[in-house]
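What follows is a set of notes on a single structure, which appears directly below.
Every chain is numbered from 1, with letters handed out A, B, ... down the list of sequences.
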Protein chains: 2
Amino acid sequence: MPVSLSAARHEPAARARFAALGSFSRTDSEAPVTLNDYLRAIHGCSSRQHYRRGETIFSEGEPADRVCKVISGTIRLCRYSPDGRRHVVDFVNAGDLIGFLECADQPWTAEAVTDVTLVSYPRASVDRLAASNAAIRTRIACHLSAGLLEAQHRLFVLGCQCAKERVASFLVRQGDRVDLMAGEALDLPMSRQDIADHLGLTIETVCRALSALRSGGLIAIPNSHELILKDMGALRAMAIES
Amino acid sequence: MPVSLSAARHEPAARARFAALGSFSRTDSEAPVTLNDYLRAIHGCSSRQHYRRGETIFSEGEPADRVCKVISGTIRLCRYSPDGRRHVVDFVNAGDLIGFLECADQPWTAEAVTDVTLVSYPRASVDRLAASNAAIRTRIACHLSAGLLEAQHRLFVLGCQCAKERVASFLVRQGDRVDLMAGEALDLPMSRQDIADHLGLTIETVCRALSALRSGGLIAIPNSHELILKDMGALRAMAIES
DNA sequence: CGATCCATTGAGAATATTCAATGGTCGTGG
DNA sequence: CCACGACCATTGAATATTCTCAATGGATCG
């Protein structure tokens with residue numbers, strides 16, 4: 001199960017869209033009660049795990065019997081085809097939740113992009129909690145809906161956008177995800193290959209697109225894992241925030 | 001809101017994956033109670049509509065206040081970008097349900113590919129029904145999950161597959177969706193342009209891919225809206241049922 | 001300090017797109 | 001019933017984009 005919780009948080013449009021149903025944001029001023037808050041009720045049956053950069057957290061096909069909250073670090077969710085192609089379904093950051101899909105087996109493999117700390121709850125406990133509380137069920141439905149809308153937005157990106165636009169879309173999404181301040185560097189813990197497999201491009205094409213954006217003055221690249229979004233307006237226009 | 005109910009039905013893998021949670025299939029021998037069955041309880045507040053081929057059923061941004069069941073015909077769900085690009089998010093066939101997303105506004109436009117008859121229920125009534133019944137809430141969560149898994153599979157298709165593979169994936173999915181008999185013609189009511197916009201290709205590339213599949217003996221094309229899947233094994237191999 | 005891994009850039013090849021022309025089908029109206 | 005017109009599908013040729021292969025550069029970690 002999966003779907004980073006982030007979906008509703010990152011895109012302003014999605015945020016507005018869900019306003020009537022309650023924000024997913026973790027900033028308490030905006031939303032008094034989040035899915036995250038509800039999980040605290042079953043803190044007693046949670047467990048904490050650490051993973052090293054590169055480690056596999058769980059693999060496709062394993063029983064999907066836990067809900068996970070990322071405490072620190074970044075995870076990538078991958079699907080591998082028999083002939084070795086890889087698709088990075090999503091990146092999951094600190095604060096995000098995965099594991100709410102109604103799905104007996106893990107639909108993908110989760111790998112640690114950086115060192116990762118996460119807290120996990122038995123799915124059975126979460127289900128019991130949900131059974132007892134209508135509000136949390138609504139949150140879960142919102143969470144799944146947000147994930148689906150996010151996936152559909154990404155379908156648009158892969159189906160309709162060229163390489164440069166895809167990279168711009170990715171950067172805008174990452175930037176929104178962390179509520180980036182103007183001029184502040186965006187952290188990109190994942191490799192260029194990860195980004196490429198996320199966007200349906202090759203590593204070289206991602207590099208060239210980034211170089212082109214830099215040449216155009218839209219971004220600066222202090223080092224390969226940090227990046228400054230110099231012209232957010234132009235990036236958004238290129239990303240076609242539909 | 002959205003997501004054709006079909007998701008869990010079409011892919012054997014997805015079907016197996018959800019077995020533990022109950023199949024979505026409409027063949028009663030497999031599943032005694034479906035989301036569809038539950039809706040009968042509120043048949044009293046349903047209404048029936050007809051649309052002509054090409055008509056818009058609802059548009060992106062309108063209030064999403066009804067759940068719809070397609071009785072006959074085919075719908076395409078589209079997202080338009082400001083500069084006119086179109087992405088066909090999904091096709092919805094007879095028996096499929098849309099409108100379960102937790103989303104105040106329609107995230108896409110629904111257009112009739114053929115003449116369409118549908119029955120719709122007020123979202124508020126569906127929500128009341130769900131509030132009173134834990135089983136239906138589970139079904140809805142399964143429905144949303146299936147939609148999300150389907151969307152993620154399509155992300156793999158758009159991100160990792162070449163034109164010929166994408167078309168093969170599309171045909172396999174359409175074939176599975178209707179439980180096609182060997183040798184039976186597959187109905188493709190949508191235009192080549194619709195298929196192209198669904199697969200992130202151009203109309204010409206779709207035509208060329210179909211011609212190539214025909215040359216390879218995998219399919220036959222009696223006419224442009226009917227098609228025979230002659231070598232389902234080879235098609236599945238090309239589609240990489242991951 | 002060296003080795004490895006990752007990122008970047010270049011050049012040539014492959015794939016898909018664009019532009020263009022032809023052919024076929026369907027529906028309308030004579 | 002046939003003819004016309006509109007629209008859609010198909011194919012070809014040239015172009016553009018992205019990929020593949022290759023080499024170099026830079027950073028990180030023993």
Side-chain angles (χ1 to χ4, degrees), chain A residues 52-54 76 83-88 111 113-115 157-171 187-216 219-227 238, chain B residues 52-54 74 76 83-88 111 113-115 157-171 186-216 219-227 238:
Chain A
R52 290 293 186 77
R53 179 176 127 84
R76 63 172 174 259
D83 63 350
R85 291 179 236 187
R86 183 180 79 153
H87 179 66
V88 175
E111 297 163 346
V113 170
T114 61
D115 289 357
V157 170
L158 297 194
C160 299
Q161 296 192 171
C162 70
K164 214 166 141 186
E165 291 170 337
R166 291 187 205 186
V167 171
S169 293
F170 172 73
L171 296 180
D187 193 42
L188 289 181
M190 66 291 290
S191 71
R192 295 289 188 266
Q193 185 66 61
D194 290 337
I195 298 172
D197 290 345
H198 184 56
L199 297 177
L201 300 170
T202 59
I203 183 173
E204 296 93 335
T205 301
V206 170
C207 279
R208 279 186 253 268
L210 284 170
S211 299
L213 290 175
R214 184 184 50 196
S215 301
I219 63 172
I221 311 178
N223 65 69
S224 62
H225 289 287
E226 272 188 330
L227 186 148
M238 188 170 288
Chain B
R52 290 291 185 79
R53 180 176 126 85
T74 297
R76 62 172 175 260
D83 62 351
R85 291 179 237 189
R86 184 182 77 153
H87 179 65
V88 174
E111 297 163 346
V113 170
T114 61
D115 289 357
V157 170
L158 296 194
C160 297
Q161 296 193 170
C162 69
K164 214 166 141 186
E165 292 169 335
R166 291 187 205 186
V167 171
S169 294
F170 172 73
L171 296 180
L186 173 65
D187 193 42
L188 290 181
M190 67 291 290
S191 71
R192 295 290 188 265
Q193 185 66 62
D194 290 337
I195 298 172
D197 289 345
H198 184 55
L199 297 177
L201 300 171
T202 59
I203 184 174
E204 296 92 336
T205 302
V206 170
C207 278
R208 280 186 252 269
L210 285 170
S211 298
L213 290 174
R214 185 184 49 196
S215 300
I219 62 172
I221 310 178
N223 65 69
S224 64
H225 289 289
E226 272 188 329
L227 184 149
M238 188 170 287

Have a look at B:R214 and say if it touches a base, only the backbone sugar-phosphate, or nothing, with a 4.0 Å heavy-atom cut-off.
-> sugar-phosphate
How many Å lie between CD on A:Q193 and C1' on D:dC19, as a whole number?
-> 13 Å
Find the distance A:I219:CD1 to C:dA7:C1' and express it as a whole number of Å.
-> 14 Å
Hits for side chain to side chain contact (heavy atoms under 4.5 Å, CB included) against A:T114, two or more places apart or cross-chain, chain-then-number order -> A:T74, A:V116, A:P189
Roughly how many Å is it from CZ in B:R53 to C1' in D:dC8, rounded to a whole number?
-> 10 Å
Using atom CE of A:M190 as one end and atom P of C:dC6 as the other, report the distance to the nearest whole Å.
-> 15 Å
Nucleic acid contacts - residues 196-206 of chain B versus DNA chain D, non-hydrogen atoms under 4.0 Å = B:I203, B:E204
Out of C:dA16, D:dT11, D:dA9, which has the shortest distance to the side chain of B:S191?
-> D:dA9
Point-to-point distance, once rounded to the nearest 0.5 Å, from CG of B:L210 to CD1 of B:I221 | 5.0 Å
Go through the steps for B:E226 and B:D187 under the test side-chain contact (heavy atoms from CB on, under 4.5 Å), then give the verdict.
-> CA-CA 5 Å; B:E226 272 188 329; B:D187 193 42; 4.2 Å; yes
Return the orientation label for the A:H198 and A:H87 ring planes: parallel under 30°, perpendicular over 60°, tilted otherwise.
-> parallel
Reported NZ-to-CG distance for the pair B:K164 and B:L201, which is rounded to 0.5 angstrom | 13.5 Å
For the helix from C:dC1-D:dG30 to C:dG30-D:dC1, measure the angle between the helix axis at one end and the axis at the other, each built from five pairs, rounding to 10°.
-> 40°
N/O (side chain, B:R208) to phosphate O (OP1/OP2, D:dT11) under 4.0 Å | no
Measure from CG on B:D194 to P on D:dA9 and round the result to the nearest Å.
-> 8 Å
Given atom CD of A:E226 and atom C1' of D:dT28, what is their separation to the nearest angstrom?
-> 16 Å
To the nearest angstrom, how far is B:R85 atom CZ from C:dT17 atom C1'?
-> 14 Å
In whole angstroms, how far is the P atom of C:dC6 from the CD1 atom of A:I195?
-> 14 Å
Would you check if the side chain of A:R192 reaches a backbone N or O of A:I203 as a donor-acceptor pair within less than 3.5 Å?
-> no
Non-hydrogen atoms of B:D194 and B:V88 that approach each other most closely | O-CG2, 3.8 Å
Between D:dT10 and B:S224, is there an OP1 or OP2 to side-chain N/O distance shorter than 4.0 Å?
-> no
Heavy-atom closest pair, residues B:L158 and B:L199 | CD2-O, 3.1 Å
Heavy-atom closest pair (B:M238 atom, B:E165 atom, distance to 0.1 Å) is O-CG, 3.5 Å
